Amino acid sequence: MFDNKFVQQRIEKAKLLKEAGFNPYSNQSKRNTTIEKYLNVNSDIADMEDKRDEKRHYIVSGRIKLLRVMGKASFVKIEDESGMLQVYVTRDNLPEDFYNTIFKKNIEVGDIIEVGGFPFVTGKGELSLHVDTFTILTKAISPLPEKFHGVTDKEIRYRKRYLDLIMNADVRKTFQTRSKVISLTRRFFEDKGFLEVETPMMHPIAGGANAKPFVTHHNALGIDRFLRIAPELYLKRLIVGGFEAVFEINRCFRNEGMDATHNPEFTSIEFYWAYKTYKDLIEITKEYFKYLFEHLNLPTQLPYGEMIVNFDNFVEIPLIESLTTIGGVPAESCNTKESILAYLKTQNITVKPNLNLGQLQGELFDEFVEEKLIDPTFITEYPVEISPLARRSDENPAITERFELFIAGREIANAFSELNDPIDQLSRFEGQMAAKDSGDDEAHEMDKDFVEALSYGMAPTAGQGIGIDRLVMLLTNEHSIRDVLLFPAMKPINNDHTQEVVESE
RNA sequence: GUCUUGUUAGCUCAGCUGGUAGAGCACGUCACUUUUAAUGAUGUGGCCGAUGGUUCGAAUCCAUCACAGGACACCA
């Protein structure tokens, strides 16, 4: 480590600074303003006659991003979290020899410094800081990426996110937006009277969704645990317990493939609302988006890649209807297994054998409808076969009181009136067990403890899950989930070949 | 999991049908007291992702592997 020539050179500079009495890792910061505040407070300087006010004095800190040395004067761009500031450093305004022997020889791009001085506007019109005190706070011994192109290599950006954040202001902005989305979401539901709760991340049974779990081991009890694939069944136990509105924002884990919209750990909000139905969820979802857009100052005609998504146009349509009106599937090819299979054959689409009617309708939807749903669309009335935890419609027992929300061709939320009939829930679980026995390894697990909870009576309840990562992607116009996760999952790098051989034997 | 495209200096990238490894930025040295990716001069910096093969000769051709990007599949 640190055998790179440039790193060695900078280590040497740190040593020289120390020998000259300047601690290259000082923590004696005297900063009294941020760059953003400095620029705001001194915006009046431009209107002054001599464009300077030597009576004001500020101390700012930041990382050197650009350095222009011109003999006895230099311009340095420093950046803190709030912004970028140009500071003007001259030989004659600093202690004797400091400029020549310390500043010019041992300070460079990447270092974190603290400067004090007065505000002025340069000949080219830029509000700057005229430096009279200069402190080195932190010496960077590794050089930063190139100043103009920055770091663009995606592998470096994801593995060394700190470099990405140093170099790319828009990346910082994306993650600031992500943070705002989460805190606005929390505030929205709290203001509605929801209680934020924390349920286990390690489950004895991985339930609440159809997905493969990660397995870990609990030594004290000598049993395996599953990282949760969804918090759903625990949140509903809380409704049984008498809480009437709960939500949880946290991570779920799924042991499946990774791509532009899937990371093994991802963040969701799930909320459950007693004495409500999925119809109420449609309304609160519209309200939620309105709230987010207002507080994030986003246009309701939101650009996403090549698309413009119209958030003034929420659409609601039953799944079967969407197959024909949006998907273009002939109406007579939607209602029986035989007709759907025949239609899929004409479209050269092959599906797994032995799918039931509901699953086949789901296939038609995935194939012909999903990607066409650009404006926010609530797809309602899902077949019961693909909705093991949702309440049946009173009018039509083949469908459930459920919707999924699609935006820009992607699923953003899944919601339904909850199944609270313990006998029905038990038989749905049994149906899932049968599917599991016949080879569907993603079928839902039996959870008798949950059925028992329902047996004590769960008030009629509606519940919803929203994928926060995909939502943030939409709101920040990012097209890979890795670009909205600070540290996306990456394969570890292993350069040690001997170790690799030992491990594989 | 399959297909496909990458991997060359700290970073951004050239390097043709095989013939001694290139540029810009950064860094060193010199000049320069209002610059804006400052400028001019000059210099340092490489296990060309790894391993094997073909060849007189491989960054370049072939194979395997590693990692990454994209697409598909799986999955919500």
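No hydrogens, no waters, no symmetry mates; every other heavy atom, side chains included, goes into these values. Numbers restart at 1 for each chain; the letters A, B, ... are given by sequence-line order, proteins then strands. Quick caveat, the model's predicted, so the values are computed rather than measured.
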Does the structure show a Watson-Crick or G-U wobble partner for [N], both distances under 3.5 Å? Name it, or say none.
N	answer
B:rU55	none
B:rA23	B:rU12
B:rA31	B:rU39
B:rA73	none
B:rU64	B:rA50

Would you kindly give the [atom1]-to-[atom2] distance between [X] and [N], to the nearest whole Å?
X	N	atom1	atom2	result
A:D153	B:rU8	CG	P	8 Å
A:L144	B:rA9	CG	C1'	17 Å
A:Y162	B:rC11	OH	P	11 Å
A:K72	B:rU35	NZ	C1'	16 Å
A:E256	B:rC75	CD	P	8 Å
A:E367	B:rC72	CD	C1'	12 Å
A:F148	B:rG10	CZ	C1'	19 Å

Got a donor-acceptor contact below 3.5 angstrom from the A:S417 side chain to the A:Y278 backbone?
->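 Between the backbone of A:Y278 and the side chain of A:S417 there is a qualifying donor-acceptor contact (under 3.5 Å).
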Please answer whether the main-chain N or O of A:A489 pairs with a side-chain N or O of A:N263 as donor and acceptor at a distance below 3.5 Å.
->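 Confirmed, A:N263 side chain pairs with A:A489 backbone.
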Sugar-phosphate only, base, or nothing, as touched by [X] at under 4.0 Å among non-hydrogen atoms:
X	result
A:K212	nothing
A:R482	sugar-phosphate
A:R254	sugar-phosphate
A:L163	nothing
A:Y99	nothing
A:M490	sugar-phosphate
A:V7	nothing
A:G150	sugar-phosphate
A:Y158	sugar-phosphate
A:N414	nothing
A:K124	base
A:K104	nothing
A:E404	base
A:K147	sugar-phosphate

Ionic contact status for [Y] with [X], cut-off 4.0 Å:
X	Y	result
A:E54	A:R52	yes
A:R482	A:D259	no
A:E79	A:R172	yes
A:E381	A:R402	no

side-chain N/O A:S142 vs B:rC11 OP1/OP2, d < 4.0 Å =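 No, outside the criterion.
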Does B:rA38 have OP1 or OP2 sitting under 4.0 Å from an N or O in the side chain of A:R68?
->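 Answer is yes, contact under 4.0 Å.
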[atom1] spacing across the pair [N] / [M], given as an integer number of angstrom:
N	M	atom1	value
B:rG52	B:rU4	C1'	24 Å
B:rC47	B:rA59	C1'	12 Å
B:rA63	B:rG18	P	16 Å
B:rA14	B:rU8	C1'	10 Å
B:rG69	B:rG40	P	38 Å
B:rC62	B:rA23	C1'	30 Å
B:rG43	B:rC3	C1'	48 Å
B:rG15	B:rA9	C1'	14 Å

Ring centers of A:F118, A:H130 separated by less than 6.0 Å |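 Ring-ring flag for A:F118/A:H130: true, centres closer than 6.0 Å.
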What I want to check is whether an N or O donor and acceptor connect the side chain of [X] with the base of [N] at under 3.5 Å.
X	N	result
A:E126	B:rU35	no
A:H262	B:rC75	yes
A:T152	B:rU12	no

If you pin A:K105 and A:N4 to their nearest nucleotides in RNA chain B, which one's is more 5'?
->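 The answer here is A:N4.
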Given RNA chain B, 5'-ward residue of the pair A:D259 and A:R91, judged by closest heavy atom =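 Looking at the nearest nucleotide for each, A:R91 comes out on the 5' side.
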Given [options], the nucleotide with the shortest approach to the side chain of [X]:
X	options	value
A:V151	B:rC11, B:rU35, B:rG69	B:rC11
A:T122	B:rC67, B:rC25, B:rU36	B:rU36
A:K13	B:rG24, B:rG28, B:rU34	B:rG28

For the residue pair A:F189 and A:Y288, categorise the inter-ring angle as parallel (less than 30°), tilted (30 to 60°) or perpendicular (more than 60°).
->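 Tilted, since the angle between the ring planes falls between 30° and 60°.
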Stacked pair A:F6-B:rG10, distance under 5.5 Å, angle under 30° =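 Base of B:rG10: not stacked against A:F6.
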Is the cationic atom of A:R161 (NZ for Lys, CZ for Arg) positioned less than 6.0 Å from the six-membered ring centroid of A:F487 and within 45 degrees of its normal?
->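 Relative to the ring axis of A:F487, which defines the angle, A:R161 lies outside at least one limit.
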